[in-house]
Amino acid sequence: MPLITPEKRRRGIYILPNLFTTAALFAGFYAIVQAMDHRFETAAVAIFVAMVLDGLDGRIARLTRTQSEFGAEYDSLSDMVSFGAAPALVMYEWALRDLGKLGWAAAFIYCAGAALRLARFNTNIAVVDKRYFQGLPSPAAAALIAGMVWVGIDNDFTGGELSGLACALTIFAGISMVSNVLFWSGKSINLRKSVPFIVLIALVLAFALISSYPPGVLFALFLVYAGSGYVVWALRWKRKYDARNAGGFVPPTTDTAASATAWPEADTTAEAPTPTSDTDAEKDNAGAPPRS
């Protein structure tokens, strides 16, 4: 018996979706190189570009039916570079280097958090609630880091002036990625459903707002998103605490995510047993069948 069957030998790799994954990987690597050259604003923008490309590869793979197990694993490794190593190194070079051991420890906490989040997703693929992410999505965590660098440079701050705040934000992002706090995924939105005309106007205004001051608006949006999970968690805890003290009955929540068990951070249907990367939004390709 041959070591590789003729069917597997003839199996190729789909170019289109993996081309976008490669572009996202390049953007993350480019961010690292620019940070080493102290071009931190360019590095921050490159991380945001990687986010956009990372959100496209899964959708393209699903639309063109070019999913594959290779593509899923390749995408996961690309995410580790673009949203794990790159933001940690950019922040370290910009603001954390002068903090000594505390600085590199904070950067490592973020990098390890991204890696653990990917590993948890790949092992929890069988339990799904597509409405929520468990822990902060790694692209959102990367946006927090890149957004702070971009805003700081745009307002003529040096990394040393914001080193304390940068350290706290980096640790917060790293821990949030591996927490059990629930974050809305947006997967329940049906893009094929008709909406009122006012929704289109709101989208136009949103794009206009972002274009007016991209660094500040993007950073503020992801900062609000990062805090939203903790606000919802606090409200749920307070509701249960008040009901318990009042001796009342707390009705079981319809959220399967509110259970004590951990569940993955991306939308995956029953027809997709193959682990994919977390991201994007954490991502639509996580909800697609394996790219074969």
Side-chain angles (χ1 to χ4, degrees), residues 24 27-52 54-55 79-100 102-114 117 133 135-179 181 183 209-231 279-282:
F29 177 78
Y30 184 75
I32 295 174
V33 173
Q34 294 303 301
M36 294 171 62
D37 291 337
H38 297 278
R39 299 174 182 172
F40 299 109
E41 186 173 10
T42 304
V45 174
I47 292 176
F48 279 103
V49 172
M51 291 176 56
V52 175
D54 184 65
D79 292 343
M80 182 57 209
V81 174
S82 299
F83 308 130
L89 292 174
V90 170
M91 182 61 86
Y92 177 79
E93 289 291 333
W94 182 64
L96 302 180
R97 178 183 288 273
D98 295 336
L99 296 180
L102 179 61
W104 66 254
F108 175 73
I109 288 173
Y110 176 89
C111 190
R117 191 181 200 285
F133 296 131
L136 184 66
S138 59
L144 284 179
I145 303 301
M148 181 179 180
V149 174
W150 196 0
V151 169
I153 294 175
D154 195 64
N155 289 276
D156 299 323
F157 286 102
T158 63
E161 294 174 329
L162 300 175
S163 58
L165 183 60
C167 181
L169 184 67
T170 303
I171 295 175
F172 167 78
I175 294 176
S176 295
M177 281 190 286
V178 295
S179 69
V181 177
F183 293 85
L209 180 63
I210 294 174
S211 63
S212 64
Y213 184 46
V217 175
L218 288 174
F219 179 60
L221 287 175
F222 284 102
L223 194 61
V224 170
Y225 178 73
S228 65
Y230 292 95
V231 171
T279 100
D280 73 279
E282 285 2 343

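- Here the closest non-hydrogen pair linking Leu96 and Ser163 is CD2-O, 4.1 Å.
- Between Met148 and Leu162 the shortest side-chain heavy-atom distance falls below 4.5 Å.
- To the nearest 0.5 Å, atom CD1 of residue Ile109 and atom CD1 of residue Ile171 are 4.5 Å apart.
- Residues Met91 and Cys167 are not in side-chain contact: their nearest non-hydrogen atoms beyond the backbone lie 4.5 Å or more apart.
- Closest of all the heavy-atom pairs between Tyr110 and Gly84 is CE2-O, 3.4 Å.
- Taking the side chain as every heavy atom from C-beta outward, Phe83 and Arg117 never approach each other to under 4.5 Å.
- Contact record, Ala31 with Ala86: CB-CB, 4.4 Å, taken as the closest heavy-atom pair.
- Taking both residues in full, the closest heavy atoms of Trp150 and Pro214 are given as CH2-CB, 3.9 Å, listed atom of the first, atom of the second, then distance.
- Contact between Phe172 and Ala226 at its shortest, heavy atoms only, is CE2-CB, 4.0 Å.
- When side chains are defined from C-beta on, Thr170 does not count as touching Tyr92, because their heavy atoms never get closer than 4.5 Å.
- For the atom pair Trp94 CH2 and Glu41 CD, the distance stands at 11.0 Å (nearest 0.5 Å).
- For the residue pair Tyr230/Ser176, the side-chain donor-acceptor check at 3.5 Å is satisfied.
- With a 6.0 Å radius and a threshold of 12 heavy atoms from other residues, nucleotides or ligands, Tyr213 has its OH atom above the threshold.
- In this structure, Phe133 has its ring center at least 6.0 angstrom away from the ring center of Tyr225.
- Taking 4.5 Å as the limit, every side-chain heavy atom of Ile145 sits out of range of all side-chain heavy atoms of Val90.
- Interatomic distance, CD1 of Ile210 versus CG of Leu221, reported as 6.0 Å (0.5 Å rounding).
- Partner Leu136 forms a side-chain contact (heavy atoms from CB on, under 4.5 Å) with one of Val181, Ile175, Leu144 and no other, that one being Leu144.
- For Ala142 against Pro87, the heavy-atom pair with the smallest separation is CB-CG, 3.6 Å.
- Of the possible donor and acceptor atoms, none in the side chain of Asp54 sits under 3.5 Å from a partner among the backbone N and O of Ala50.
- The CD atom of Glu161 sits 11.5 Å away from atom CG of Asp98, with the distance rounded to the nearest 0.5 Å.
- Side-chain contact check for Val49 versus Tyr30: every heavy-atom pair is 4.5 Å or farther apart.
- Separating the CG atom in Leu209 from the CG atom in Leu218 is a distance of 9.5 Å, to the nearest 0.5 Å.
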